[in-house]
Amino acid sequence: MQKGEMYVGWSTKEDVRKRGGSGGLVTSMLAAALEKKLVDAVVVLKKINEFEAVPIITSDVNEVLNSAGSLHSVPSNFAKLIADRNLKVALPAKGCDTRAIIEQGKRNAINLDNTYIVGLNCGGSMHPVVTREMLEVMYKIKPEDVHGEEIEKGKLIFETKDGKEHAITIDELEEKGYGRRESCRYCTIKVPNNSDIACGNWGVTGDLAGKATFVEINSDKGAKLLQNAVDAGYVQVQKPDEKGVAMRAKIKGVMEDLGKKWKAKIFVPMDNRLEFFRKELENCIDCGACKTVCPTCSCGEVSKCTEFHMRGDAYKMSMYHLVRFTHLADACIGCGQCSDVCPVDIPLTRLYMMFANPIQEQLKYEPGMDMRKPPYFEVKLND
Amino acid sequence: MSTDAKSNPSNGWEPKIVAFCCNWCSYGGADSAGMGRFQQPASARIIRVMCSGRIDPLHVFNAFLEGADAVLVTGCHIGDCHYVNGNDKTKIKYKYLENVVRELGIEKERLQLNWISASEGEKFANFIRDVTAQIKKIGPSPLKPEGVV
């Protein structure tokens, strides 16, 4: 196995296959890496209920196998969890997790040589609180009755405990303000080709549909990870058919175009911007949660944005936010964590992206996609 | 309000301009503007820094938030930096700074970059004069705190 190859694979373990999404390949691959001592630890989500889960770092193979299954309404980001710990770790990562991990790698907080990033194709995730509300308003079912969820053919399907399926198209949900988080709608990284190995159910055809995972190997580390899982007998793979490869490329293209459309729709040029920003930020209570959760920030406790901000200054714009707007112009990956945690519901990700989009376009620099350093650090002594 | 009368351009309102000058070139430029007796308005407040690379976006934001109507970033010509490539870094940093200030909705005249060498006294005086005229036309900065003229 080597870089650039594609496979279709599934777990050899019956119960993982049953509980996990799309054949449980990712779960088994992580478990195999742990079992064969390729890594010391694995990051998985420990499920509390359908809407809540906590990310944990574990070295217990059974815990990894038990974590099987996908959750669309737990928008976590693993990058900060493994930063500054110097772990030899394998972890599943959506596009934004992968970008955040690479950004932390550039800041020397994560050693990327020791980190196996299992990329997951991601069409978007949902906010747990919004999802609960959506279930009551749109689906007319109690959030507690939900047993499982799935996204298929543009429809969001919830399965209740009595075995019934409730489906509504995502377009319809998003029209009403529910559905995916805003940052996921305009995200254009649907297949994380910046990770070591990109996994997902797009491109699995025929009898295997829903029972296997399509894998694209993006790096030597990824090849090592999959080979290890096959050798350990955790995973079975086969070559994908041409139809599947074409289908995957098509879905990828459609999803990315949709993301671009949303981007054009959300980021419209506007007048009176200063008033707009002042209005959006007027409720800010200086809690600092957006900085604490930001997966690309590695400044630590004492940082420029907090140390030079004093509420008593009563400036017309908050210094904290001005510094963060500048700082994130070359670092914002649009993961949406800041909007999620904001206690006064400021759409921070959108604000950060308003500053980040033009300059990232101008300098042709996209954070988190490769190991290229921010343009400022490209000025060298002998230039 | 009395501040309105004072900040009305027709009432002889003078803009406040904060000019960051690097020690080796543009500060010398300001000096030779004085020695050469080139007339310039008294609107600029010069802050000397050792290199234009020292100018942090934070300094510029602070100047605006404390009531500056315009902020000028000046330094040595590219290739002439006393610290080899300090102004190359300024150039990139300025792009980010400019982007934030523009996106905030602040007029582009309020933040300007210029390379001025120690011998270009006339250029410095003209620069200050031009900026002052531009700012007089567009009026006080929207970021100026209440009560500051």
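Each chain gets a letter, A, B and so on, in the order the sequences are listed, and its residues count up from 1.
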Heavy atoms only, distances under 4.5 angstrom: which of B:Asn62, B:Asn99, B:Val84 has the most pairs with chain A? Name it, please. B:Asn99
Less than 3.5 Å apart, any donor N or O on the side chain of B:Ser43 or B:Thr132 sitting next to an acceptor on the other? yes
A quick test of your reading: do over 12 heavy atoms of other residues, nucleotides or ligands sit less than 6.0 Å from CZ of B:Arg54? no
Side chains of A:Met369 and A:Ile189: does their closest heavy-atom pair fall under 4.5 Å? yes
Between A:Lys304, A:Met354, A:Glu275, the one whose heavy-atom pairs under 4.5 Å with chain B are most numerous: A:Lys304
Option that, when pairs with chain A are counted at under 4.5 Å, heavy atom only, ranks first among B:Ile92, B:Val101, B:Leu65, B:Asp56: B:Leu65
Do other residues, nucleotides or ligands put more than 12 heavy atoms under 6.0 Å from the CG atom of A:Asp370? yes
Go through the atoms of A:Asn272 and report whether side chain, backbone, both or neither lie under 4.5 Å from a heavy atom of chain B. neither
Name the member of A:Phe276, A:Phe325, A:Phe308, A:Tyr376 that forms the most heavy-atom pairs with chain B at distances under 4.5 Å. A:Tyr376
Which atoms of A:Phe355 are under 4.5 Å from chain B, going by heavy atoms: the side chain, the backbone, both sets, or neither? both
Does a side chain donor of either A:Ser125 or A:Lys94 reach within less than 3.5 Å of an acceptor in the other side chain? no
I want to check something: taking the side chain as every heavy atom from C-beta on, are A:Glu366 and A:Arg372 in contact at a cut-off of under 4.5 Å? no
Could you tell me which of B:Lys93, B:Lys95, B:Lys91 has the largest number of non-hydrogen atom pairs under 4.5 Å with chain A? B:Lys95
Interface residue of largest heavy-atom contact number with chain A, from B:Ile106, B:Leu97, B:Leu143, under 4.5 Å: B:Leu143
Let me know if B:Pro57 has heavy atoms under 4.5 Å from chain A in its side chain, its backbone, both or neither. side chain
Assert top hit (heavy-atom pairs under 4.5 Å, partner chain B, pool A:Cys305, A:Pro375, A:Ala356, A:Pro374) equals A:Pro375
Under a 4.0 Å N-O cut-off, is there an ion pair linking A:Lys106 with A:Glu103? yes
